Novice: 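Just passing along the structure, written as structure tokens.
Note that the structure is predicted; figures quoted are calculated from it, not measured.
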Amino acid sequence: MEMRLFESKAMSASETVQLGRMYSNQFAGFRHITAGAKFSPQFCSCRGILLKASYSSHPSSSKNNFPSSNAIGSVGDKLAGETCLFQIIGTNGTGKRQNLFPREITVLDAFDDEYGGVIVDPERLPATPNAFGYILHSSLSHWKMEGKKGIWLKLPVERAELVPVAIKEGFEYHHAERGYVMLTYWIPEGPCMLPANASHQVGIGGFVINENNEVLVVQEKHYAPACAGFWKIPTGFILESEEIFTGAVREVKEETGIDTEFVEVIAFRHAHNVAFEKSDLFFICMLRPLSTEITVDDLEIEAAKWMPLDEFVEQPLIQEDSMFKKIISICIARLGKRYCGLSSHQVVSKFDGRLSSLYYNVVEAQDFNCSSC
């Protein structure tokens with residue numbers, strides 16, 4: 001009778017781990033095996049890690065018990081103490097293979113997404129590139145048979161050695177952040193239906209005007225030659241998971257030290273192919289100043305001051321640029337209550353149960369900031 005684990009390609013000694021008591025625990029029932037039976041377990045999978053060992057039982061053995069841990073090669077103890085499940089295939093003297101454990105565990109730890117795809121657990125990846133390559137290939141076969149669609153594979157920066165292995169298996173780059181790279185694999189035939197990476201960056205500008213009809217303006221340390229000497233409103237980018245209105249207040253505070261409160265979104269600009277072929281959304285927000293003393297950010301800002309509105313508007317760069325000129329005219333119209341911007345309203349959608357900011361304008365009897373729209 002020949003009993004063996006299902007076939008696998010050979011793995012180097014550095015990739016094997018100690019099986020020890022795990023084998024004896026799993027095969028406690030195999031105490032009476034005919035002398036001379038040959039055992040050749042090739043590998044088992046423990047939470048995504050492939051193992052390999054080789055040993056045999058000889059006729060001269062005084063006992064016909066399953067080999068002890070001393071009979072098994074050991075080059076590490078990474079998975080010692082973990083439960084290992086594996087499939088045994090035996091002929092049982094009939095010439096036909098028999099599955100004593102019908103479930104093969106050769107699939108990466110993952111969970112299903114709500115669109116028929118799979119998200120691989122980045123915390124439970126195999127220890128070496130060879131082991132990862134073997135089980136990734138097996139996982140793809142398994143997911144294809146199950147009719148899965150998109151596979152999301154997030155590889156932390158400390159596991160960067162696995163990236164070329166995944167690329168070789170047909171994965172494609174989706175996006176990268178400071179701590180990881182995201183790869184994807186589309187299984188069905190036809191065009192990939194996975195959503196693309198973020199297509200936009202979001203910027204904000206804070207139009208702050210005080211009771212003396214002065215605008216808060218800055219000159220940046222780094223600028224294009226055409227902007228030399230130009231005084232502009234404080235601007236910046238929205239952070240991840242940050243609201244538009246809180247981002248505007250934050251940027252003004254960082255660049256000038258002025259505390260403000262959000263009033264409205266006055267307008268926004270949409271431009272394309274701005275940064276690495278991405279699109280750009282830029283929101284102009286009207287803010288009400290809550291302090292007056294300016295403290296300049298030495299890293300980004302060369303100078304900041306309160307500038308009379310008329311002087312600000314008369315700058316050549318504003319007068320010569322149709323977009324800048326239009327933005328300022330809208331802001332002035334808002335000051336004269338001839339225009340209404342978009343205020344922020346917190347709402348919860350039943351669709352996802354999350355709190356969102358919905359921007360729209362509402363003219364109410366008690367709204368003294370905007371008399372007409």
Side-chain angles (χ1 to χ4, degrees), residues 5-20 22-23 41-54 72-87 104-113 115 117-146 148-188 192 194-198 240 276-278:
L5 297 176
F6 52 98
E7 297 295 336
S8 107
K9 65 182 181 181
M11 303 177 71
S12 68
S14 63
E15 295 165 338
T16 63
V17 298
Q18 180 166 338
L19 303 180
M22 292 188 292
Y23 272 96
Q42 297 298 309
F43 77 91
C44 70
S45 172
C46 290
R47 300 183 180 177
I49 305 298
L50 301 179
L51 313 175
K52 182 190 178 206
S54 180
I72 303 173
S74 171
V75 288
D77 56 2
K78 179 175 178 60
L79 297 182
E82 293 189 1
T83 302
C84 183
L85 303 178
F86 33 110
Q87 180 191 48
E104 297 180 1
I105 302 181
T106 56
V107 180
L108 290 169
D109 283 295
F111 55 91
D112 295 341
D113 64 21
Y115 304 104
V118 172
I119 301 175
V120 177
D121 186 351
E123 303 297 326
R124 307 293 291 269
L125 298 170
T128 67
N130 283 345
F132 173 71
Y134 188 97
I135 199 169
L136 179 62
H137 183 83
S138 177
S139 298
L140 288 174
S141 298
H142 173 78
W143 291 326
K144 287 176 182 178
M145 289 189 296
E146 284 198 334
K148 298 300 182 183
K149 297 179 180 179
I151 311 301
W152 297 88
L153 177 61
K154 180 180 179 180
L155 296 179
V157 65
E158 59 269 17
R159 303 306 311 277
E161 77 278 7
L162 303 183
V163 172
V165 179
I167 295 297
K168 187 176 181 180
E169 282 292 338
F171 277 79
E172 297 181 348
Y173 292 107
H174 186 267
H175 70 274
E177 296 290 346
R178 289 182 182 273
Y180 70 88
V181 59
M182 181 69 78
L183 304 169
T184 59
Y185 187 103
W186 182 250
I187 293 177
C192 176
L194 294 176
N197 184 30
E240 190 172 348
F276 302 102
E277 301 181 359
K278 299 297 182 182

Novice: Do the charged groups of Lys148 and Asp112 touch, with an N to O distance under 4.0 Å?
Specialist: yes

Novice: Quick one: salt bridge (charged side-chain N to carboxylate O under 4.0 Å, His left out) partners of Asp113, sequence neighbours excluded?
Specialist: none

Novice: Please give me the minimum heavy-atom distance between Ala166 and Leu153, naming the atom from each residue.
Specialist: CB-CD2, 3.7 Å

Novice: Classify the ring geometry of Tyr185 against Phe171: parallel below 30°, tilted from 30° to 60°, perpendicular beyond 60°.
Specialist: tilted

Novice: Determine, stepwise, if the pair Val181 / Val157 fulfils side-chain contact (heavy atoms from CB on, under 4.5 Å).
Specialist: CA-CA 7 Å; Val181 59; Val157 65; over 6 Å; no

Novice: More than 12 foreign heavy atoms under 6.0 Å from CD of Glu158: is that the case here?
Specialist: yes

Novice: Just so I know, are the side chains of Tyr180 and Leu155 near enough to count as touching, which here means a heavy-atom distance under 4.5 Å?
Specialist: no

Novice: If I compare all heavy atoms of Pro129 with all of Glu161, which pair ends up nearest, and what's the gap?
Specialist: CG-CG, 3.6 Å

Novice: Apply the side chain to side chain contact (heavy atoms under 4.5 Å, CB included) test between Phe111 and each candidate in Val120, Ile119, Val118; give the one that qualifies.
Specialist: Ile119

Novice: Taking side chain as C-beta onward, heavy atoms only, is Leu125 less than 4.5 Å from Leu162?
Specialist: yes

Novice: Just wondering, are more than 12 heavy atoms of other shown residues or ligands nearer than 6.0 Å to NE2 in His137?
Specialist: no

Novice: Test side-chain contact (heavy atoms from CB on, under 4.5 Å) on Asn197 and Lys278; report intermediate values, then the result.
Specialist: CA-CA 10 Å; Asn197 184 30; Lys278 299 297 182 182; 4.0 Å; yes

Novice: Look at the side chain of His174 and the backbone N and O of Pro195, then say whether any donor-acceptor pair between them is shorter than 3.5 Å.
Specialist: yes

Novice: Can you tell me how far the CE atom of Met145 sits from the CD1 atom of Ile187, to the nearest 0.5 Å?
Specialist: 11.0 Å

Novice: Quick one: are Val165 and Asn130 in side-chain contact, heavy atoms under 4.5 Å?
Specialist: no

Novice: Given side chains that start at C-beta, do those of His142 and Val107 come closer than 4.5 Å, heavy atoms only?
Specialist: yes

Novice: Does atom CD of Glu172 have more than 12 heavy-atom neighbours from other groups under 6.0 Å away?
Specialist: no

Novice: Decide, yes or no, whether a salt bridge links Glu146 with Lys144 under the criterion of side-chain N to carboxylate O below 4.0 Å.
Specialist: no

Novice: Is any side-chain heavy atom of Leu108 less than 4.5 Å from a side-chain heavy atom of Ser138?
Specialist: no

Novice: Below 4.5 Å, heavy atoms only, C-beta onward: do Ile151 and Thr184 meet side chain to side chain?
Specialist: no

Novice: Find out whether Leu194 and Lys149 are in side-chain contact, i.e. whether some heavy atom of one side chain is under 4.5 Å from a heavy atom of the other.
Specialist: no

Novice: When rounded to the nearest 0.5 angstrom, what distance separates NZ in Lys154 from CE in Met182?
Specialist: 6.0 Å

Novice: Evaluate Tyr134 against Thr106 for side-chain contact (heavy atoms from CB on, under 4.5 Å), listing each step before the verdict.
Specialist: CA-CA 9 Å; Tyr134 188 97; Thr106 56; 5.6 Å; no

